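Reviewing the structure listed below.
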Amino acid sequence: SARDMIRHIFHILILCRERNTLTDFFADKPTVKGVFKMVKISPSILACDFSRMGEEIKRIERFSDYLHVDVMDGIFVPNISFGMPVISSIRKTTDMFFDVHLMIDRPERYIDDFVKCGADLITIHYESTAVPAAVLKKIRACGKKAGLSIKPKTDVSVVLPLLPLCDLVLVMTVEPGFGGQKFIPYTLEKIKKLRTMLNEAGLTTDIEVDGGV
Ligand code: ZN
């Protein structure tokens, strides 16, 4: 069932986050990519060995559709991950689609920089800016795909007026900024509601899910 499939994907994502290297997990699963025609796999770079990022990416390329790049600023979320110089460096090592998830305060300050360092999709948080529509438009004006994310406690209906500006909506199933958290069950209802909203609006916007099992 679709529910089992989603659980399976969550399982893959949480395993990726918990392992020291992505490749340990993918090593014995050569057919993950392409198994689910409607589902894309976007492993988070946070799970890799940061001293060997280039190699780690090379080894997951054929198993993954996107590379999920989590950027944290220590303000919008308590943790700090990495920024533009790191993304620029790994951009030189791969042609993978960079799915950049900005967990940063007022992302409008940095869209040009993230475009320059090689993002293909830039997802901003609804809660991180007073001008989400302008930021989404800016991302698209740069020729990149635009995503909008909501935290677990944010009502999914806030995205409705912004849907025409989004290529993707990212529903967080844990509070952003910490690893190893338990999946928050009520977020499944938000995904369901979002699917209904998109169907009713006749939109083909992708739904992305980020969080624990
Ligand atoms: Zn993320």
Side-chain angles (χ1 to χ4, degrees), residues 6 9-19 21-22 25-26 32 39-50 53 56-57 60 63-84 86-87 90-91 94 96-107 110-111 113-115 117-129 132 135-136 139 144-154 156 159 166-184 187-188 190-191 194 205-213:
I6 289 170
I9 299 302
F10 283 150
H11 193 63
I12 292 170
L13 293 177
I14 192 79
L15 278 170
C16 288
R17 283 181 183 277
E18 286 174 355
R19 298 271 174 150
T21 65
L22 291 171
F25 174 70
F26 282 103
V32 173
V39 178
K40 291 191 175 77
I41 308 281
S42 185
S44 174
I45 192 76
L46 280 186
C48 87
D49 175 348
F50 279 13
M53 287 178 110
E56 295 269 80
I57 292 165
I60 59 141
F63 310 122
S64 318
D65 300 285
Y66 297 168
L67 184 70
H68 191 75
V69 181
D70 283 311
V71 180
M72 305 176 186
D73 68 350
I75 296 171
F76 180 67
V77 290
N79 275 339
I80 298 175
S81 58
F82 49 77
M84 286 70 98
V86 170
I87 303 174
I90 59 172
R91 180 74 282 178
T94 181
M96 280 186 90
F97 184 97
F98 279 12
D99 161 23
V100 177
H101 178 193
L102 296 184
M103 287 171 270
I104 67 173
D105 184 51
R106 286 170 293 145
Y110 298 110
I111 299 305
D113 298 277
F114 283 104
V115 167
C117 69
D120 295 295
L121 164 83
I122 299 176
T123 297
I124 58 155
H125 264 270
Y126 175 82
E127 306 86 354
S128 70
T129 174
V135 191
L136 293 165
I139 297 167
K144 303 299 172 186
K145 296 213 184 238
L148 183 64
S149 182
I150 48 169
K151 289 180 175 184
K153 286 178 193 130
T154 304
V156 68
V159 306
C166 299
D167 298 292
L168 174 147
V169 176
L170 169 55
V171 179
M172 293 295 305
T173 60
V174 298
E175 281 300 326
F178 304 93
Q181 295 182 76
K182 272 239 168 286
F183 171 74
I184 304 172
T187 57
L188 266 186
K190 294 170 66 177
I191 299 167
L194 176 60
T205 317
D206 284 331
I207 299 175
E208 185 173 33
V209 177
D210 189 346
V213 255

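It should be emphasised that the depicted structure is a prediction, and the values quoted were computed from it without experimental measurement. One-based numbering, in listed order, for ligands and for the atoms of each.
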Exercise. Does NZ or CZ of Lys151 fall inside the cone over Phe76's six-membered ring, less than 6.0 Å from its centre and within 45° of the axis?
Worked result: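 Because its charged atom sits under 6.0 Å from the ring centre and within 45° of the axis, Lys151 does stack over Phe76.
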Exercise. Does Tyr126 OH have over 12 foreign heavy atoms under 6.0 Å away?
Worked result: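 Atom OH in Tyr126 is not packed in, count stays at 12 or less.
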For this session: Please work out which of the three classes, parallel, tilted or perpendicular, describes the rings of Phe82 and Phe50, given edges at 30° and 60°.
Result: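 Phe50 vs Phe82 ring planes: perpendicular.
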Exercise. Is Arg91 salt-bridged to Asp120, cutoff N-O under 4.0 Å?
Worked result: yes
For the Zn ion (ligand 1), find the closest N/O/S atom on [X] and give its atom name.
X: Asp70; answer: OD1
X: His101; answer: ND1
X: Asp210; answer: OD2

